[in-house]
Amino acid sequence: MPVPTDPSPALAEYAHPERLVTTAWLADHLGDEGLVVVESDEDVLLYETGHIAGAVKVDWHTDLNDPVTRDYVDGEAFARLMSAKGISRDSTVVVYGDKSNWWAAYALWVFTLFGHEDVRLLDGGRAAWLAEDRPMTTDAPSPAPTDYPVVERRDEEVRAFAPDVLAHLGNGPLVDVRSPEEYTGERTHMPAYPEEGALRGGHIPTAQSVPWARAAAEDGRFKGRAELEAIYTGEKGLQPGDDVIAYCRIGERSSHTWFVLTHLLGFDKVRNYDGSWTEWGNAVRVPIATGSEPGDAPARRS
Amino acid sequence: MTAATTGGAAGTGGPAEGLPPALAEIVEDFHAVSEPERLQLLLDFSRGLPALPPRYADHPELLEPVPECQSPIFLLTEVDDDADRTVHLFFSAPAEAPTTRGFAGILAEGLDGLPAAQVLDVPGDVCSRLGLDRAVSPLRLRGMTGMLGRIQRQVRESTAA
(Lines give C-alpha, C1' and ligand atoms only; values in the text may rest on other atoms or scores of the structure.)
Protein backbone atom coordinates (compact mmCIF):
# COMPACT_ATOMS: atom_id res chain seq x y z
CA MET A 1 0.00 0.00 0.00
CA PRO A 2 1.49 3.35 -0.95
CA VAL A 3 2.42 5.86 1.68
CA PRO A 4 0.08 8.89 1.68
CA THR A 5 1.24 11.86 -0.37
CA ASP A 6 2.58 15.07 1.10
CA PRO A 7 -0.41 17.45 1.50
CA SER A 8 1.86 20.48 1.94
CA PRO A 9 0.31 23.61 0.37
CA ALA A 10 3.76 24.44 -1.02
CA LEU A 11 3.42 21.52 -3.42
CA ALA A 12 -0.28 21.73 -4.23
CA GLU A 13 0.16 24.12 -7.15
CA TYR A 14 2.17 21.65 -9.22
CA ALA A 15 0.53 19.43 -11.81
CA HIS A 16 1.53 16.27 -9.95
CA PRO A 17 2.22 17.22 -6.34
CA GLU A 18 2.33 13.52 -5.44
CA ARG A 19 5.76 13.39 -7.08
CA LEU A 20 7.37 15.66 -4.49
CA VAL A 21 7.76 15.57 -0.74
CA THR A 22 9.00 18.29 1.58
CA THR A 23 11.76 17.84 4.12
CA ALA A 24 9.23 18.21 6.95
CA TRP A 25 7.02 15.47 5.50
CA LEU A 26 9.95 13.12 5.09
CA ALA A 27 11.13 13.75 8.65
CA ASP A 28 7.64 12.81 9.87
CA HIS A 29 7.38 9.68 7.74
CA LEU A 30 10.83 8.12 8.12
CA GLY A 31 10.32 4.51 9.06
CA ASP A 32 6.80 4.31 7.63
CA GLU A 33 5.89 0.88 6.36
CA GLY A 34 6.28 0.76 2.59
CA LEU A 35 8.57 3.80 2.36
CA VAL A 36 12.15 3.45 1.11
CA VAL A 37 14.40 6.51 0.99
CA VAL A 38 17.12 6.46 -1.69
CA GLU A 39 20.13 8.77 -1.84
CA SER A 40 21.60 9.26 -5.31
CA ASP A 41 24.56 11.60 -5.66
CA GLU A 42 27.11 12.68 -8.16
CA ASP A 43 29.83 12.01 -5.60
CA VAL A 44 30.04 8.26 -5.08
CA LEU A 45 31.27 8.65 -1.48
CA LEU A 46 28.97 11.37 -0.23
CA TYR A 47 26.41 8.90 1.11
CA GLU A 48 29.11 7.26 3.22
CA THR A 49 29.92 10.56 4.93
CA GLY A 50 26.37 10.70 6.31
CA HIS A 51 22.85 10.13 5.02
CA ILE A 52 19.25 10.29 6.15
CA ALA A 53 18.56 7.51 8.66
CA GLY A 54 17.57 4.32 6.88
CA ALA A 55 18.27 5.68 3.39
CA VAL A 56 19.87 3.30 0.92
CA LYS A 57 22.35 4.37 -1.76
CA VAL A 58 21.82 4.00 -5.50
CA ASP A 59 24.75 5.18 -7.59
CA TRP A 60 23.91 6.40 -11.09
CA HIS A 61 27.07 5.04 -12.57
CA THR A 62 27.85 1.80 -10.77
CA ASP A 63 24.24 0.70 -10.14
CA LEU A 64 22.11 2.08 -12.97
CA ASN A 65 24.46 2.05 -15.96
CA ASP A 66 25.23 -1.20 -17.70
CA PRO A 67 28.95 -1.83 -17.28
CA VAL A 68 29.50 -2.86 -20.89
CA THR A 69 26.89 -1.35 -23.20
CA ARG A 70 26.21 2.36 -23.02
CA ASP A 71 22.74 1.78 -21.68
CA TYR A 72 20.87 1.27 -18.43
CA VAL A 73 20.81 -2.04 -16.64
CA ASP A 74 18.28 -4.62 -17.81
CA GLY A 75 15.24 -5.90 -15.96
CA GLU A 76 17.10 -8.64 -14.16
CA ALA A 77 19.86 -6.37 -12.90
CA PHE A 78 17.29 -3.78 -11.84
CA ALA A 79 15.32 -6.42 -9.94
CA ARG A 80 18.51 -7.55 -8.18
CA LEU A 81 19.33 -3.95 -7.29
CA MET A 82 15.84 -3.28 -5.96
CA SER A 83 15.90 -6.46 -3.89
CA ALA A 84 19.30 -5.58 -2.43
CA LYS A 85 17.99 -2.15 -1.47
CA GLY A 86 14.84 -3.52 0.16
CA ILE A 87 12.54 -2.01 -2.47
CA SER A 88 9.38 -3.87 -3.46
CA ARG A 89 7.35 -3.20 -6.59
CA ASP A 90 4.74 -1.40 -4.48
CA SER A 91 7.19 0.53 -2.29
CA THR A 92 6.95 4.28 -2.12
CA VAL A 93 10.42 5.48 -3.06
CA VAL A 94 11.64 8.96 -2.14
CA VAL A 95 14.88 9.96 -3.86
CA TYR A 96 17.17 12.78 -2.78
CA GLY A 97 20.71 13.78 -3.65
CA ASP A 98 23.37 16.42 -4.06
CA LYS A 99 23.59 19.22 -6.66
CA SER A 100 19.92 20.27 -6.55
CA ASN A 101 18.81 16.69 -7.11
CA TRP A 102 20.36 16.26 -10.56
CA TRP A 103 21.31 12.69 -9.92
CA ALA A 104 18.23 12.03 -7.84
CA ALA A 105 16.09 13.15 -10.81
CA TYR A 106 18.17 10.93 -13.05
CA ALA A 107 17.61 7.95 -10.75
CA LEU A 108 13.88 8.75 -10.61
CA TRP A 109 13.78 8.82 -14.41
CA VAL A 110 15.48 5.41 -14.60
CA PHE A 111 12.93 4.04 -12.09
CA THR A 112 10.31 5.39 -14.48
CA LEU A 113 11.84 3.41 -17.36
CA PHE A 114 11.08 0.32 -15.31
CA GLY A 115 7.57 1.51 -14.58
CA HIS A 116 8.08 1.78 -10.83
CA GLU A 117 4.79 3.39 -9.89
CA ASP A 118 5.40 5.47 -6.79
CA VAL A 119 8.70 7.32 -6.93
CA ARG A 120 9.05 10.85 -5.57
CA LEU A 121 11.73 13.50 -5.11
CA LEU A 122 12.63 15.23 -1.89
CA ASP A 123 12.26 18.90 -2.82
CA GLY A 124 15.63 20.61 -2.33
CA GLY A 125 17.49 17.35 -1.90
CA ARG A 126 20.36 16.74 0.45
CA ALA A 127 21.27 20.40 0.78
CA ALA A 128 17.78 21.39 1.97
CA TRP A 129 17.78 18.63 4.56
CA LEU A 130 21.18 19.73 5.88
CA ALA A 131 20.30 23.42 5.78
CA GLU A 132 17.54 22.68 8.27
CA ASP A 133 20.01 20.88 10.56
CA ARG A 134 18.10 17.66 10.22
CA PRO A 135 19.93 14.57 11.43
CA MET A 136 22.22 12.42 9.31
CA THR A 137 23.83 9.13 10.19
CA THR A 138 26.66 6.94 8.95
CA ASP A 139 24.88 3.78 10.13
CA ALA A 140 24.51 1.50 7.13
CA PRO A 141 20.99 0.08 6.81
CA SER A 142 20.63 -3.65 6.20
CA PRO A 143 17.35 -3.98 4.32
CA ALA A 144 15.65 -7.35 3.98
CA PRO A 145 15.79 -8.59 0.38
CA THR A 146 12.55 -8.34 -1.58
CA ASP A 147 11.13 -10.32 -4.45
CA TYR A 148 11.10 -7.41 -6.91
CA PRO A 149 9.87 -8.77 -10.22
CA VAL A 150 11.92 -8.76 -13.40
CA VAL A 151 10.30 -6.00 -15.42
CA GLU A 152 11.44 -5.18 -18.93
CA ARG A 153 12.47 -1.60 -19.37
CA ARG A 154 10.06 0.48 -21.43
CA ASP A 155 12.13 3.12 -23.11
CA GLU A 156 9.72 4.46 -25.71
CA GLU A 157 7.63 6.75 -23.53
CA VAL A 158 10.24 8.81 -21.73
CA ARG A 159 13.48 8.10 -23.54
CA ALA A 160 14.66 9.30 -26.94
CA PHE A 161 17.46 7.85 -29.03
CA ALA A 162 19.49 9.66 -31.67
CA PRO A 163 17.31 8.50 -34.63
CA ASP A 164 14.23 9.73 -32.73
CA VAL A 165 15.87 13.11 -32.33
CA LEU A 166 16.85 13.26 -35.98
CA ALA A 167 13.26 12.49 -36.98
CA HIS A 168 12.05 15.09 -34.48
CA LEU A 169 13.94 18.00 -36.07
CA GLY A 170 11.42 20.42 -37.49
CA ASN A 171 8.53 18.47 -36.00
CA GLY A 172 8.66 19.30 -32.33
CA PRO A 173 10.50 21.32 -29.73
CA LEU A 174 13.90 20.42 -28.37
CA VAL A 175 15.25 21.81 -25.13
CA ASP A 176 18.98 22.07 -24.53
CA VAL A 177 19.51 22.36 -20.78
CA ARG A 178 23.29 22.82 -20.78
CA SER A 179 25.15 26.01 -19.95
CA PRO A 180 25.05 28.86 -22.48
CA GLU A 181 28.72 28.25 -23.37
CA GLU A 182 28.00 24.64 -24.22
CA TYR A 183 24.96 25.65 -26.26
CA THR A 184 26.78 28.16 -28.42
CA GLY A 185 29.66 25.78 -28.98
CA GLU A 186 32.29 27.79 -27.12
CA ARG A 187 32.92 24.67 -25.10
CA THR A 188 31.92 21.04 -25.21
CA HIS A 189 31.64 20.40 -21.49
CA MET A 190 30.32 22.12 -18.42
CA PRO A 191 32.30 24.99 -17.01
CA ALA A 192 34.69 23.47 -14.44
CA TYR A 193 33.68 19.94 -15.40
CA PRO A 194 35.73 17.23 -17.03
CA GLU A 195 36.12 17.17 -20.76
CA GLU A 196 34.03 14.22 -21.85
CA GLY A 197 35.27 14.17 -25.35
CA ALA A 198 32.77 15.63 -27.79
CA LEU A 199 34.46 16.42 -31.08
CA ARG A 200 32.36 19.45 -31.89
CA GLY A 201 30.75 22.18 -29.86
CA GLY A 202 27.26 23.52 -30.45
CA HIS A 203 23.69 22.29 -30.15
CA ILE A 204 21.11 20.22 -31.96
CA PRO A 205 19.49 22.42 -34.64
CA THR A 206 16.20 24.01 -33.52
CA ALA A 207 16.90 23.36 -29.81
CA GLN A 208 16.07 26.18 -27.46
CA SER A 209 18.47 26.94 -24.65
CA VAL A 210 16.99 26.65 -21.15
CA PRO A 211 19.77 25.85 -18.68
CA TRP A 212 18.41 23.36 -16.15
CA ALA A 213 19.24 25.54 -13.17
CA ARG A 214 16.63 28.08 -14.21
CA ALA A 215 14.09 25.69 -12.69
CA ALA A 216 15.81 25.71 -9.32
CA ALA A 217 15.46 28.37 -6.65
CA GLU A 218 18.41 29.65 -4.64
CA ASP A 219 17.93 26.97 -1.99
CA GLY A 220 17.92 24.13 -4.55
CA ARG A 221 14.14 23.59 -4.32
CA PHE A 222 12.02 23.88 -7.44
CA LYS A 223 10.70 27.28 -8.33
CA GLY A 224 6.97 27.86 -7.99
CA ARG A 225 4.67 26.87 -10.81
CA ALA A 226 4.04 30.41 -12.05
CA GLU A 227 7.77 31.08 -12.34
CA LEU A 228 8.32 27.79 -14.15
CA GLU A 229 5.48 28.51 -16.56
CA ALA A 230 6.89 31.95 -17.26
CA ILE A 231 10.11 30.30 -18.43
CA TYR A 232 8.95 27.22 -20.31
CA THR A 233 5.56 28.14 -21.70
CA GLY A 234 5.88 31.93 -21.63
CA GLU A 235 9.40 32.70 -22.76
CA LYS A 236 10.03 29.51 -24.75
CA GLY A 237 6.51 28.92 -25.99
CA LEU A 238 6.29 25.24 -25.10
CA GLN A 239 2.79 23.83 -24.70
CA PRO A 240 1.75 21.03 -22.33
CA GLY A 241 0.56 18.96 -25.29
CA ASP A 242 3.85 19.28 -27.18
CA ASP A 243 6.08 16.35 -27.91
CA VAL A 244 9.25 17.62 -26.20
CA ILE A 245 12.75 16.17 -26.16
CA ALA A 246 15.27 17.43 -23.59
CA TYR A 247 18.99 16.75 -23.63
CA CYS A 248 22.22 17.81 -22.00
CA ARG A 249 25.63 16.15 -22.01
CA ILE A 250 24.94 12.67 -20.68
CA GLY A 251 21.28 12.93 -19.71
CA GLU A 252 21.52 13.82 -16.05
CA ARG A 253 20.73 17.53 -16.09
CA SER A 254 17.99 16.91 -18.64
CA SER A 255 16.39 14.42 -16.23
CA HIS A 256 15.92 17.39 -13.92
CA THR A 257 14.17 19.31 -16.71
CA TRP A 258 12.21 16.21 -17.70
CA PHE A 259 10.92 16.07 -14.11
CA VAL A 260 9.96 19.76 -14.18
CA LEU A 261 8.06 19.53 -17.46
CA THR A 262 6.41 16.18 -16.76
CA HIS A 263 5.56 16.28 -13.09
CA LEU A 264 5.52 19.94 -12.13
CA LEU A 265 3.99 21.43 -15.28
CA GLY A 266 2.03 18.38 -16.43
CA PHE A 267 3.36 18.03 -19.97
CA ASP A 268 2.04 14.83 -21.56
CA LYS A 269 4.96 13.73 -23.65
CA VAL A 270 8.49 14.61 -22.65
CA ARG A 271 11.41 12.41 -23.53
CA ASN A 272 14.96 12.57 -22.24
CA TYR A 273 17.65 12.05 -24.88
CA ASP A 274 20.29 10.51 -22.63
CA GLY A 275 22.79 10.03 -25.46
CA SER A 276 22.84 13.82 -25.40
CA TRP A 277 25.79 15.85 -26.55
CA THR A 278 28.40 13.17 -25.89
CA GLU A 279 26.65 11.16 -28.61
CA TRP A 280 25.31 13.87 -30.91
CA GLY A 281 28.50 15.93 -30.84
CA ASN A 282 30.47 12.94 -32.06
CA ALA A 283 28.00 11.26 -34.40
CA VAL A 284 28.66 10.95 -38.11
CA ARG A 285 26.31 12.74 -40.49
CA VAL A 286 24.17 14.56 -37.99
CA PRO A 287 23.78 18.30 -38.24
CA ILE A 288 24.65 20.75 -35.50
CA ALA A 289 24.16 24.45 -35.03
CA THR A 290 26.52 26.89 -33.37
CA GLY A 291 26.02 30.30 -31.84
CA SER A 292 23.15 31.62 -29.78
CA GLU A 293 20.34 31.01 -32.32
CA PRO A 294 18.48 27.67 -32.40
CA GLY A 295 19.12 27.26 -36.13
CA ASP A 296 16.97 25.58 -38.78
CA ALA A 297 15.98 21.99 -39.23
CA PRO A 298 18.04 20.49 -42.04
CA ALA A 299 16.43 19.49 -45.30
CA ARG A 300 15.37 15.85 -45.25
CA ARG A 301 17.88 13.48 -46.71
CA SER A 302 16.15 11.44 -49.38
CA MET B 1 59.54 9.56 4.77
CA THR B 2 62.57 8.43 2.79
CA ALA B 3 62.64 7.06 -0.68
CA ALA B 4 65.30 4.52 0.24
CA THR B 5 62.93 1.78 1.37
CA THR B 6 61.97 -0.82 -1.18
CA GLY B 7 58.22 -0.83 -0.75
CA GLY B 8 57.69 -0.57 -4.48
CA ALA B 9 57.03 -3.78 -6.27
CA ALA B 10 59.47 -3.10 -9.07
CA GLY B 11 59.70 -6.01 -11.44
CA THR B 12 56.73 -7.91 -10.06
CA GLY B 13 54.44 -6.81 -12.83
CA GLY B 14 51.74 -5.99 -10.29
CA PRO B 15 49.71 -2.79 -10.14
CA ALA B 16 52.26 -1.17 -7.80
CA GLU B 17 55.18 -1.74 -10.15
CA GLY B 18 57.45 1.21 -10.69
CA LEU B 19 55.80 3.44 -8.10
CA PRO B 20 57.54 5.28 -5.27
CA PRO B 21 57.28 3.29 -2.01
CA ALA B 22 54.51 5.20 -0.26
CA LEU B 23 52.33 5.24 -3.37
CA ALA B 24 53.08 1.57 -4.03
CA GLU B 25 51.96 0.74 -0.52
CA ILE B 26 48.69 2.61 -1.04
CA VAL B 27 48.03 0.73 -4.30
CA GLU B 28 48.76 -2.58 -2.55
CA ASP B 29 46.45 -1.63 0.32
CA PHE B 30 43.61 -1.00 -2.11
CA HIS B 31 44.14 -4.33 -3.80
CA ALA B 32 44.30 -6.16 -0.47
CA VAL B 33 40.65 -5.42 0.31
CA SER B 34 37.30 -6.11 -1.37
CA GLU B 35 35.66 -3.55 -3.65
CA PRO B 36 33.18 -2.19 -1.08
CA GLU B 37 36.05 -1.85 1.39
CA ARG B 38 38.02 0.12 -1.18
CA LEU B 39 35.36 2.82 -1.02
CA GLN B 40 35.80 2.94 2.75
CA LEU B 41 39.56 3.20 2.29
CA LEU B 42 39.06 6.07 -0.12
CA LEU B 43 36.84 7.72 2.47
CA ASP B 44 39.65 7.34 5.03
CA PHE B 45 41.97 9.20 2.67
CA SER B 46 39.30 11.84 2.23
CA ARG B 47 39.14 12.36 5.98
CA GLY B 48 42.90 12.32 6.30
CA LEU B 49 43.57 15.05 3.75
CA PRO B 50 45.59 17.69 5.63
CA ALA B 51 44.10 21.16 5.91
CA LEU B 52 45.87 24.00 4.16
CA PRO B 53 48.49 25.82 6.22
CA PRO B 54 47.48 29.42 7.03
CA ARG B 55 49.75 30.91 4.37
CA TYR B 56 47.59 29.26 1.71
CA ALA B 57 44.29 29.08 3.54
CA ASP B 58 44.33 32.87 3.58
CA HIS B 59 45.32 33.08 -0.10
CA PRO B 60 43.20 30.64 -2.10
CA GLU B 61 44.09 32.52 -5.30
CA LEU B 62 47.58 31.01 -5.15
CA LEU B 63 46.19 27.53 -5.78
CA GLU B 64 45.49 26.08 -9.21
CA PRO B 65 41.99 24.77 -10.02
CA VAL B 66 41.59 21.27 -11.46
CA PRO B 67 38.71 21.43 -13.95
CA GLU B 68 38.98 17.72 -14.75
CA CYS B 69 37.39 17.04 -11.36
CA GLN B 70 33.62 17.19 -11.00
CA SER B 71 33.93 19.07 -7.72
CA PRO B 72 35.92 22.17 -6.95
CA ILE B 73 39.46 21.33 -5.95
CA PHE B 74 42.57 23.46 -5.90
CA LEU B 75 46.15 22.36 -5.56
CA LEU B 76 49.63 23.80 -5.21
CA THR B 77 53.09 22.29 -5.13
CA GLU B 78 56.21 23.67 -3.47
CA VAL B 79 59.68 22.49 -4.43
CA ASP B 80 62.47 22.95 -1.86
CA ASP B 81 65.87 24.30 -2.84
CA ASP B 82 67.64 21.24 -1.43
CA ALA B 83 69.67 18.75 -3.44
CA ASP B 84 66.69 16.45 -4.00
CA ARG B 85 64.34 19.31 -4.87
CA THR B 86 61.87 17.89 -2.33
CA VAL B 87 58.22 18.32 -3.31
CA HIS B 88 55.38 19.38 -0.98
CA LEU B 89 51.74 19.20 -1.96
CA PHE B 90 48.77 21.27 -0.80
CA PHE B 91 45.12 20.65 -1.60
CA SER B 92 41.83 22.35 -0.92
CA ALA B 93 38.51 20.59 -1.54
CA PRO B 94 35.16 20.90 0.22
CA ALA B 95 33.77 18.29 2.57
CA GLU B 96 30.83 17.75 0.16
CA ALA B 97 33.30 16.32 -2.35
CA PRO B 98 34.66 13.28 -0.50
CA THR B 99 35.66 11.37 -3.63
CA THR B 100 37.77 14.24 -4.88
CA ARG B 101 39.21 14.72 -1.39
CA GLY B 102 40.03 11.02 -1.31
CA PHE B 103 41.99 11.25 -4.56
CA ALA B 104 43.86 14.27 -3.18
CA GLY B 105 44.56 12.39 0.06
CA ILE B 106 46.12 9.51 -1.87
CA LEU B 107 48.37 11.85 -3.82
CA ALA B 108 49.31 13.76 -0.65
CA GLU B 109 50.26 10.63 1.25
CA GLY B 110 51.88 8.98 -1.76
CA LEU B 111 53.92 11.86 -3.13
CA ASP B 112 54.50 14.51 -0.47
CA GLY B 113 58.16 14.71 0.57
CA LEU B 114 59.52 12.89 -2.48
CA PRO B 115 62.36 14.23 -4.64
CA ALA B 116 61.07 16.04 -7.71
CA ALA B 117 62.53 13.43 -10.04
CA GLN B 118 60.43 10.70 -8.43
CA VAL B 119 57.24 12.75 -8.64
CA LEU B 120 57.89 13.34 -12.33
CA ASP B 121 58.47 9.62 -12.87
CA VAL B 122 55.07 8.56 -11.56
CA PRO B 123 53.30 6.95 -14.51
CA GLY B 124 50.17 8.68 -15.74
CA ASP B 125 48.08 5.53 -15.43
CA VAL B 126 48.57 5.20 -11.67
CA CYS B 127 44.99 6.31 -10.97
CA SER B 128 43.63 3.34 -12.87
CA ARG B 129 45.79 0.97 -10.82
CA LEU B 130 43.92 1.48 -7.56
CA GLY B 131 41.28 -1.09 -8.41
CA LEU B 132 38.54 1.55 -8.20
CA ASP B 133 37.26 1.36 -11.78
CA ARG B 134 34.16 -0.58 -10.81
CA ALA B 135 33.47 0.96 -7.44
CA VAL B 136 34.09 4.56 -8.48
CA SER B 137 33.92 4.49 -12.32
CA PRO B 138 36.64 5.45 -14.80
CA LEU B 139 34.89 8.75 -15.48
CA ARG B 140 35.43 9.91 -11.93
CA LEU B 141 38.99 8.61 -11.86
CA ARG B 142 39.83 11.03 -14.64
CA GLY B 143 39.75 13.81 -12.11
CA MET B 144 42.57 12.19 -10.21
CA THR B 145 44.63 11.86 -13.38
CA GLY B 146 44.01 15.57 -13.93
CA MET B 147 45.38 16.34 -10.47
CA LEU B 148 48.51 14.26 -11.05
CA GLY B 149 49.09 15.94 -14.41
CA ARG B 150 48.89 19.38 -12.86
CA ILE B 151 51.19 18.41 -9.99
CA GLN B 152 53.78 17.11 -12.44
CA ARG B 153 53.50 20.19 -14.62
CA GLN B 154 54.00 22.51 -11.63
CA VAL B 155 57.00 20.49 -10.46
CA ARG B 156 58.46 20.53 -13.98
CA GLU B 157 58.08 24.30 -14.13
CA SER B 158 59.62 24.77 -10.67
CA THR B 159 62.63 22.61 -11.48
CA ALA B 160 63.20 23.91 -15.00
CA ALA B 161 64.62 27.21 -13.83
Side-chain angles (χ1 to χ4, degrees), chain A residues 39-51 56-68 70 73 77 84 96-100 102-103 106 125-131 136 138 140 142 179 181-182 187-197 220 249-253 278, chain B residues 30 33-49 60 63-75 92-106 127-128 130-150:
Chain A
E39 176 161 340
S40 209
D41 297 316
E42 174 175 279
D43 192 300
V44 70
L45 273 180
L46 194 54
Y47 170 89
E48 278 78 5
T49 68
H51 50 82
V56 294
K57 168 184 173 179
V58 171
D59 185 69
W60 68 275
H61 204 293
T62 59
D63 289 327
L64 298 178
N65 283 4
D66 184 278
V68 180
R70 184 177 171 185
V73 292
Y96 74 98
D98 60 357
K99 310 250 169 175
S100 301
W102 276 4
W103 305 92
Y106 187 70
R126 187 181 162 98
W129 185 268
L130 285 172
M136 302 285 261
T138 53
S142 39
S179 61
E181 296 84 359
E182 292 170 274
R187 60 195 312 161
T188 51
H189 58 115
M190 252 184 287
Y193 261 64
E195 174 60 69
E196 278 171 342
R249 182 188 50 135
I250 57 171
E252 88 295 14
R253 286 172 287 177
T278 51
Chain B
F30 271 96
V33 299
S34 70
E35 286 196 350
E37 290 170 318
R38 286 175 200 174
L39 274 188
Q40 279 303 320
L41 192 53
L42 187 61
L43 189 58
D44 291 342
F45 278 103
S46 167
R47 293 183 174 132
L49 180 68
L63 281 74
E64 176 174 338
V66 185
E68 292 88 348
C69 287
Q70 300 201 333
S71 301
I73 177 153
F74 298 85
L75 65 83
S92 167
E96 310 83 72
T99 302
T100 300
R101 285 181 62 87
F103 294 157
I106 290 170
C127 311
S128 61
L130 292 163
L132 288 170
D133 278 25
R134 272 162 42 128
V136 169
S137 90
L139 188 66
R140 288 160 169 151
L141 285 165
R142 271 196 223 172
M144 188 174 173
T145 304
M147 283 186 227
L148 176 64
R150 274 154 212 279

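Throughout, a chain's letter reflects where its sequence line sits, starting with A, and its residues are numbered from 1. Keep in mind that this is a model prediction, so the values were computed, not measured.
Looking at every heavy atom in both residues, A:Leu45 comes nearest to B:Thr99 through N-OG1, 3.3 Å.
Put simply, of A:Asp43, A:Asp98, A:Asp41, the one with the most heavy-atom pairs under 4.5 Å next to chain B is A:Asp43.
Rounding to the nearest 0.5 Å gives a distance of 9.5 Å between CD of B:Glu96 and NZ of A:Lys99. Here the straight-line distance linking atom CG of B:Leu39 with atom OG1 of A:Thr62 works out to 8.0 Å at 0.5 Å rounding.
Checking side-chain atoms of B:Arg47 against main-chain N and O of A:Thr49 turns up no donor-acceptor pair under 3.5 Å.
Taking a 6.0 Å sphere around CZ of B:Arg134, one finds it holds 12 or fewer heavy atoms contributed by other residues, nucleotides or ligands.
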